[in-house]
Structures are given as C-alpha cells and as structure tokens.
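Okay, structure first, notes after.
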Amino acid sequence: MELRVLRYFLAVAREGSITRAAEFLHVTQPTLSRQLKDLEKELGKKLFIRSSHSIILTDEGMLLRNRAEEIIEMVDKLEAEFSCMEETISGDVYIGCGETEAMKQIARVVKDLQFSNPNIRYHLYSGNEDDVTERLDKGLLDFVILIQPADLSKYNYINMPAKDIWGVIMRKDSPLAFKKSIQSVDLLNVPLICSRQAMKQTFSKNEFADWFGENFDKLDIVTTFNLAYNAAIMVEEGIGYAITLDKIVNTSSDSNLCFRPLEPRLESGLNIVWKKHQVFSAAAEMFLTEIQGKFSN
C-alpha cells in the first residue's frame, strides 16, 4: 500500500467526488479511478458507493479514512522532524490538553522559547483524557497535559505547579446562585451536567467521587460532556447545573452564568506526561528541557 494512493483516497473521501479530487490532485480521472479500484482489490473490500454525482464511503471506507489520516499525519510529522535536524533548532511540538487555565503556564514556556528558538512551531490539540492519550500513544502528540484524576502509570510525567478548582456553573437566576459555595447536599435534587472524566470509576482514587461520598450514586446526571463549551450552552438553556472547573467558562458580568466553588474545596492537580522511552525531535527535546527547568523545582 503506497502513501501516494492513501493520499489519493483521502482526497476522494474529502471531496466526495472523483472528478473534484482529480482536479485537486492534478491527475486524470481515469488514473484516479484505476488507483482506487486497485486499492479496493488489494484490501478485498468495497470502499465507496458510487452514484452519478457523488461517492459515499462504506463502513470499510470510513475505517480506512480514519487509519489513513493517522498514517499520513505520522509520516508528515516524521518528515518534518528529519528536515529540521540542523544546528538551528526548528520543527514542531505537538501538545494535547483538556480545558484548563493552567495552559497559561504552557503559553509562558512557549513565549520564552520563542526568543531563542523562533523557528519552532507548536500545535495544540484539545480533548478529554481519552482523546489526547490515544493520540499520545499513537505518536501523534509529543506531550499531554492531564487533569487529575488520571491514569499516569504508562507515562513519564512532571507535576505542574497549578491547581484547578472544581465548582458548579449555573444561571445567575438559579436557586443556588445566591449561595457563595455549593455543598454535596445542594446537588442531590437538581439536574446535573457532569464531565465524563470526573465520573469515571476506573481510577484507583477518584477525588471527585470521594468528595460526594455516599451521595455519589444518588446524583441526577442528565447530561455528560468532555469539553465545557457545549456544557455551558446546556446550562444557559436551563438543562441543569454543570460541575466543572473554574475559569474555563465565561462567567463575567456580561454572561448569564456564574461559578460557585464546591465546599469543602476540591482541587485537581495537573501533570505534563509523555511516553516512556520516547525519542523526541530536537524541537520537542528543547521544549521538554524548558518545562523540566521551570516545573521540576
């Protein structure tokens, strides 16, 4: 299976038309059609359902598209790393993270590095723990910032000098908005919108579940989420109260929402993790040296 053919396949999947894909790739339509038929023959599966005006991916085609995107992304990343092996450090650093104000600390590291290494480029990928660690395990990310609770057993890591504060996002006209802080008993009889990571019971220690204690199984969870932006929209529409971290949802005076911390106070630590025995590019190695110097003390 050639990378060139995978790029052809992805172009057709993206354009939804062999004609438009051929124009984009600057190849003839018969050449492109023949390459796709050869690919289907090689895999022994039908990848497209063809009509007079468009093509639709089969289930096998969808699977190949996902895998091909990962393969091409990895190849492009590898080629970039080799092209940057010179005295002047340049290249790309790939960082995955959930929503946290602690990204400001990463931004400060990047800013400091820009003065001495202006040719390094940084690529941010946002997602929950499952999203970013999957990409880290596949080699598509160099580093990931994890918010506790998280499984660190597979990785090398540095503790970040920061804590995220848990609390509740609610409408300013909600019955609980008059309170300065929220206790577990306040949340027993209201609809809740919760982070899927916080709800996980797979960790040896889940501080979020421990905070609720015996009330954890009594919660009325109507919606779960992985990133808070859409959860905030649900809150604004009156769906429920969102349990999330402070300072990742707009609760300014212009917003209809407000944040109230949990009581007793619940904080989550953060870690920068990377794969054990990871071989870094020069740019990623420079970034690692910088964060170790700033965060390891």
Side-chain angles (χ1 to χ4, degrees), residues 1-86 88-98 119-144 154 226-227 229-230 274-275 277-285 287:
M1 190 181 303
E2 298 181 20
L3 291 173
R4 173 178 53 83
V5 177
L6 287 181
R7 293 185 190 275
Y8 284 0
F9 167 79
L10 288 175
V12 173
R14 181 177 63 251
E15 297 294 332
S17 163
I18 291 180
T19 302
R20 290 196 299 270
E23 293 173 354
F24 173 80
L25 295 167
H26 303 293
V27 299
T28 65
Q29 187 171 335
T31 297
L32 183 55
S33 295
R34 185 174 64 254
Q35 295 281 0
L36 294 178
K37 288 179 181 177
D38 289 344
L39 180 60
E40 288 181 319
K41 183 178 179 180
E42 180 180 357
L43 294 174
K45 297 292 183 181
K46 190 175 181 64
L47 302 174
F48 301 102
I49 299 174
R50 295 167 174 82
S51 68
S52 56
H53 300 293
S54 65
I55 60 172
I56 300 172
L57 292 178
T58 63
D59 290 343
E60 292 81 3
M62 293 288 289
L63 175 61
L64 179 60
R65 185 182 67 177
N66 293 337
R67 295 295 180 260
E69 286 174 344
E70 293 174 355
I71 291 169
I72 295 301
E73 186 174 350
M74 176 61 70
V75 170
D76 290 343
K77 183 173 182 286
L78 181 62
E79 290 176 346
E81 289 171 354
F82 271 83
S83 67
C84 295
M85 288 183 174
E86 52 190 40
T88 301
I89 294 179
S90 61
D92 302 270
V93 180
Y94 296 82
I95 304 169
C97 185
N119 294 326
I120 297 178
R121 296 178 298 273
Y122 302 87
H123 306 272
L124 305 181
Y125 180 87
S126 297
N128 65 8
E129 182 194 355
D130 291 338
D131 298 331
V132 295
T133 54
E134 179 183 1
R135 294 181 70 85
L136 179 66
D137 293 341
K138 290 179 177 178
L140 300 175
L141 296 174
D142 298 313
F143 304 95
V144 160
K154 297 192 299 181
N226 63 336
L227 296 176
Y229 177 81
N230 287 334
W274 61 95
K275 289 198 300 183
H277 314 297
Q278 172 73 33
V279 178
F280 287 119
S281 67
E285 189 70 47
F287 179 81

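- Closest of all the heavy-atom pairs between C97 and V132 is N-CG1, 3.7 Å.
- Using a 4.5 Å cut-off on side-chain heavy atoms (C-beta onward), D142 and W274 make no contact.
- Scanning both residues, G96 and L141, for their nearest heavy atoms gives CA-CD1, 3.8 Å.
- Here the side chains of T31 and R34 are in contact, with some heavy-atom distance below 4.5 Å.
- The closest side-chain heavy-atom distance from Q35 to R4 is below 4.5 Å.
- To the nearest 0.5 angstrom, M62 atom CE is 6.0 Å from L57 atom CG.
- Here the shortest heavy-atom pairing between F24 and A11 reads CD2-CB, 4.3 Å.
- Rounded to the nearest 0.5 angstrom, S33 OG and D38 CG are separated by 11.0 Å.
- Between L39 and L64, the closest side-chain pair of non-hydrogen atoms falls below 4.5 Å.
- The cationic atom of R135 (NZ for Lys, CZ for Arg) does not lie both less than 6.0 Å from the six-membered ring centre of Y94 and within 45° of the ring axis.
- Nearest heavy atoms, A21 versus L32: CB-CD2, 3.8 Å.
- The two residues I55 and S17 make their nearest non-hydrogen contact at CG1-N, 4.1 Å.
- Rounding to the nearest 0.5 Å gives a distance of 7.5 Å between CD1 of I71 and CG of L3.
- With a 4.5 Å cut-off on side-chain heavy atoms, F48 and T58 do not count as touching.
- The two residues G91 and A283 make their nearest non-hydrogen contact at C-CB, 4.0 Å.
- Two rings, from F143 and Y122, have their centers 6.0 Å or more apart.
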Candidate pair E60 and L43, rule side-chain contact (heavy atoms from CB on, under 4.5 Å), full reasoning: CA-CA 10 Å; E60 292 81 3; L43 294 174; over 6 Å; no

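- Side-chain contact between Y125 and L140: absent, with no pair of heavy atoms (C-beta onward) separated by less than 4.5 Å.
- Ion pairing between K138 and E73 fails under the 4.0 Å rule for side-chain N and carboxylate O.
- Distance CD/E70 to CG/L6: 12.0 Å, rounded to 0.5 Å.
- Taking 4.5 Å as the limit, every side-chain heavy atom of L47 sits out of range of all side-chain heavy atoms of L36.
- Under the 4.5 Å side-chain criterion, counting only non-hydrogen atoms from C-beta, K154 is in contact with D137.
- Atom CZ of residue R7 and atom CD of residue E69 lie 12.0 Å apart, to the nearest 0.5 angstrom.
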